[in-house]
Peer 1: 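One structure coming up, written as C-alpha cells, with questions to follow.
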Amino acid sequence: MRCASCAAENKTGRHFCAACGAVLPHLCAACGFANDPGDAFCGGCGRDLGHREPTGETVAERRPVSIMFADLVGYTALAEKVDPEETHALLAAFFAIADDIILQFGGRIDKHMGDNVMALFGAPVAHGDDPQRAARVARAIHEAMPGLSARIGRPLSVHIGIAVGEVLASGLGSVAHSTYTVVGQAVNLAARLMEMAGPGETLVSPEIAQHLALGYEMEARGEQAIKGMAAPLMIYRIGAPLAETQKGRKPIAGRRAEVAQINVLLTASRTGGTGSTLLIRGVPGIGKSRLTE
C-alpha cells in the first residue's frame, strides 16, 4: 500500500507507514476501496467502516447479481496479424468505451481478461433493476462499435452474454492480492452465453429474459447444452427495446396510497410553483421502478 504522505510502499495489513509513520488508507474488506483515515463509510460501496475487519478476513454475502461478459469478436486472429502496439491501442480504446458505459449505468467493472470485460450489476450496490441495466449496457456497447471501427480503421463487433443468479460476493484472493468479486453458477453461465453469441448478439439466461420480456424484442434460441450444467437450458437473444406503446404494461395493482401521495405532491408543486423531493425506498424487486413509471 502506498503512503499518501511520502509515497513509500507498505506491506498489506499495516495501519501506519513504515517510512514516515503517517496513517495509511483503510482498505474496505467488502470492495477493496482505499478510504482515507477517519472515514466512517466506504467511498466504494457505502459499508460502515466503524469497526476494522481483522487482517486477512473477508466478508462474504449471498446476493442476486446480474453478470455481463462482453468480448471482441475475432480478436485472437486479428492480434496475430497486427503489431503489438496496434493491439494495445485497440484494447485500450475498447476497454475505455465499455468501462465508461458500464459505469454510466451503475455497474461495477469486475475484471478485464484478454479482450473480455466482466461487469457486475447488483454488487456491491443493488439498484432493483439490475437486469435491465445490464441489457442497456449491452445495447450501448453494441451501438458504440461502429464508431470504434471507424477510429481503428478495422471492422469490429462484440458478442455478449448476461445471466443472473445468487452468487457469493466478497473480497477474494490472498494476503498479497485481494479484490472484490463474485463466485457462482451465474458467472459461469454468463461466460458460456457470451461464447455462444454471434457477432453483434447478446444472449441471456431465462431469468434475464423474464425480467426483460416487456421491454425488449426477444428471440428464443431453444434449449442448448451448456458446458458445466447438468441439463439443457433455454436461451434467448435480446433485440431492440420495444416502443413505449408496445410494452403492454398493465395498470399498476395496489399502491393506491403511494400513488395518491405522489399525485398530491405533484399537484402541490404545480400550483405552488415550488419543487419537492420524494424518496422511494424498498428492497430489490418490490416494485420501485414500476411505481416510478
Peer 1: Step by step, would you call I208 with S66 a side chain to side chain contact (heavy atoms under 4.5 Å, CB included)?
Peer 2: CA-CA 8 Å; I208 290 287; S66 297; 3.9 Å; yes
Peer 1: Do you know the tightest heavy-atom contact between L148 and F94?
Peer 2: CD2-CA, 4.0 Å
Peer 1: Drop me the distance from I235's CD1 to L233's CG, to the nearest 0.5 angstrom.
Peer 2: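 If we round to the nearest 0.5 Å, I235:CD1 and L233:CG are 7.5 Å apart.
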Peer 1: Among I97, I102, I160, find the one that has a side-chain contact (heavy atoms from CB on, under 4.5 Å) with V117.
Peer 2: I102
Peer 1: Taking all heavy atoms of S276 and all of S269, pick out the closest pair and write down the distance.
Peer 2: OG-OG, 3.6 Å
Peer 1: Of all the heavy-atom pairs spanning R139 and P241, show the shortest one and how long it is.
Peer 2: NE-CD, 3.2 Å
Peer 1: Quick one: pull up CG in L72 and CG in N116 and give me the separation to the nearest 0.5 Å.
Peer 2: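 Result: 9.0 Å between the selected atoms.
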Peer 1: Do you reckon M113 sits in the same ILVMFWY cluster as V137, going by side-chain contacts under 4.5 Å, direct or chained?
Peer 2: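 Result: no, two separate clusters.
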Peer 1: Can you find a heavy atom in the side chain of I226 that is under 4.5 Å from one in the side chain of P232?
Peer 2: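 No, their side chains stay 4.5 Å or more apart.
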Peer 1: Looking at A93 and R151, what are the two nearest heavy atoms and their distance?
Peer 2: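 Smallest heavy-atom distance, with atoms named: CB-NH2, 3.7 Å.
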Peer 1: What are the two closest heavy atoms between A220 and M234, and how far apart are they?
Peer 2: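 Where A220 meets M234 most closely, the heavy atoms are CB-SD, 4.3 Å.
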Peer 1: Roughly how far, to the nearest 0.5 Å, is CG of L156 from CG of L78?
Peer 2: 7.0 Å
Peer 1: When you group the ILVMFWY residues by side-chain heavy-atom contacts below 4.5 Å and let the links chain together, are I280 and L265 in the same group?
Peer 2: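 Yes, it is one cluster - the side chains of L265 and I280 are joined through contacts under 4.5 Å.
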Peer 1: Mark yes when over 12 heavy atoms from residues, nucleotides or ligands other than Q210 sit less than 6.0 Å from its CD; otherwise mark no.
Peer 2: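 Incorrect, the count does not exceed 12.
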Peer 1: Is the shortest side-chain heavy-atom distance between V65 and V187 below 4.5 Å?
Peer 2: no
Peer 1: Drop me the distance from K111's NZ to M118's CE, to the nearest 0.5 angstrom.
Peer 2: 4.5 Å
Peer 1: Check whether M145 and F69 end up in the same hydrophobic cluster, where Ile, Leu, Val, Met, Phe, Trp and Tyr are linked by side-chain heavy atoms less than 4.5 Å apart.
Peer 2: no
Peer 1: Side chains of L120 and V182, heavy atoms from C-beta outward: is any pair under 4.5 Å?
Peer 2: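 They are in side-chain contact.
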Peer 1: Given side chains that start at C-beta, do those of I109 and L103 come closer than 4.5 Å, heavy atoms only?
Peer 2: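 I109 vs L103: side chains touch.
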Peer 1: Is the backbone of A140 close enough, under 3.5 Å, to the side chain of E143 for a donor and an acceptor to pair up by distance?
Peer 2: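 Not confirmed, E143 side chain does not pair with A140 backbone.
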Peer 1: Sub-3.5 Å donor-acceptor pair from the side chain of K288 to the main-chain atoms of R281, do we have one?
Peer 2: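 No, K288 side chain to R281 backbone: no donor-acceptor pair under 3.5 Å.
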Peer 1: Taking a hydrophobic cluster as the set of Ile, Leu, Val, Met, Phe, Trp and Tyr residues connected by side-chain heavy atoms closer than 4.5 Å, whether directly or through intermediates, do L189 and F121 fall within one such cluster?
Peer 2: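 Different hydrophobic clusters.
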Peer 1: Does any part of the side chain of T202, heavy atoms only, come nearer than 4.5 Å to the side chain of I141, both counted from C-beta?
Peer 2: no
Peer 1: Within this structure, what is the CD-NZ distance for the pair E195 and K227, rounded to the nearest 0.5 Å?
Peer 2: 8.0 Å
Peer 1: May I have all residue pairs that pass salt bridge (charged side-chain N to carboxylate O under 4.0 Å, His left out) and include part of residues 72-101, sequence neighbours excluded?
Peer 2: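 As it turns out, the salt bridge (charged side-chain N to carboxylate O under 4.0 Å, His left out) pairs with a partner in residues 72-101, which skip direct neighbours, are E86-R154.
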Peer 1: Please determine whether the number of non-hydrogen atoms from other residues, nucleotides or ligands lying under 6.0 Å from atom NE2 of H88 exceeds 12.
Peer 2: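 Open.
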Peer 1: Salt bridge or not for R221 and E219, using N-O below 4.0 Å?
Peer 2: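 So R221 pairs with E219 through a salt bridge.
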Peer 1: Establish whether L266 and L278 are linked, either directly or via other cluster members, by ILVMFWY side-chain heavy-atom contacts under 4.5 Å.
Peer 2: yes
Peer 1: Using modelled atom types and a 3.5 Å cut-off, is there a donor and acceptor pairing between side-chain atoms of R63 and backbone atoms of G122?
Peer 2: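 Indeed, once roles are kept as given, a pair shorter than 3.5 Å links the two residues.
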Peer 1: Any side-chain heavy atom of M196 sitting closer than 4.5 Å to one from Q224?
Peer 2: yes
Peer 1: Rounded to the nearest 0.5 Å, how far apart are OG1 of T181 and CG of D110?
Peer 2: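 Between atom OG1 of T181 and atom CG of D110 there are 3.5 Å.
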Peer 1: Does the side chain of D71 reach to within under 4.5 Å of the side chain of D115, using non-hydrogen atoms?
Peer 2: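 They are in side-chain contact.
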Peer 1: Return each pair, listed once, that meets side chain to side chain donor-acceptor pair (under 3.5 Å) where at least one residue sits in residues 126-138; pairs must be two or more places apart or across chains.
Peer 2: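 Every pair satisfying side chain to side chain donor-acceptor pair (under 3.5 Å) with a residue in residues 126-138: H127-D130, D129-R133.
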Peer 1: Between V204 and V164, is the side chain to side chain contact (heavy atoms under 4.5 Å, CB included) condition met? List the steps.
Peer 2: CA-CA 9 Å; V204 301; V164 63; over 6 Å; no
Peer 1: Write down the atom of F95, the atom of G114, and the distance for their closest heavy-atom approach.
Peer 2: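 Looking at all heavy atoms of both residues, the shortest contact is CZ-O, 3.2 Å.
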Peer 1: A side-chain contact here means heavy atoms from C-beta on lying under 4.5 Å apart; do I162 and L193 qualify?
Peer 2: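 Sidechains of L193 and I162: no contact.
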Peer 1: Dump the intermediate steps for side chain to side chain contact (heavy atoms under 4.5 Å, CB included) on M194 and L203, then the final yes or no.
Peer 2: CA-CA 7 Å; M194 178 205 70; L203 296 185; over 6 Å; no
Peer 1: Under the side chain to side chain contact (heavy atoms under 4.5 Å, CB included) rule, what do L168 and E61 come out as? Steps first, then yes or no, please.
Peer 2: CA-CA 6 Å; L168 194 65; E61 60 175 337; 5.9 Å; no
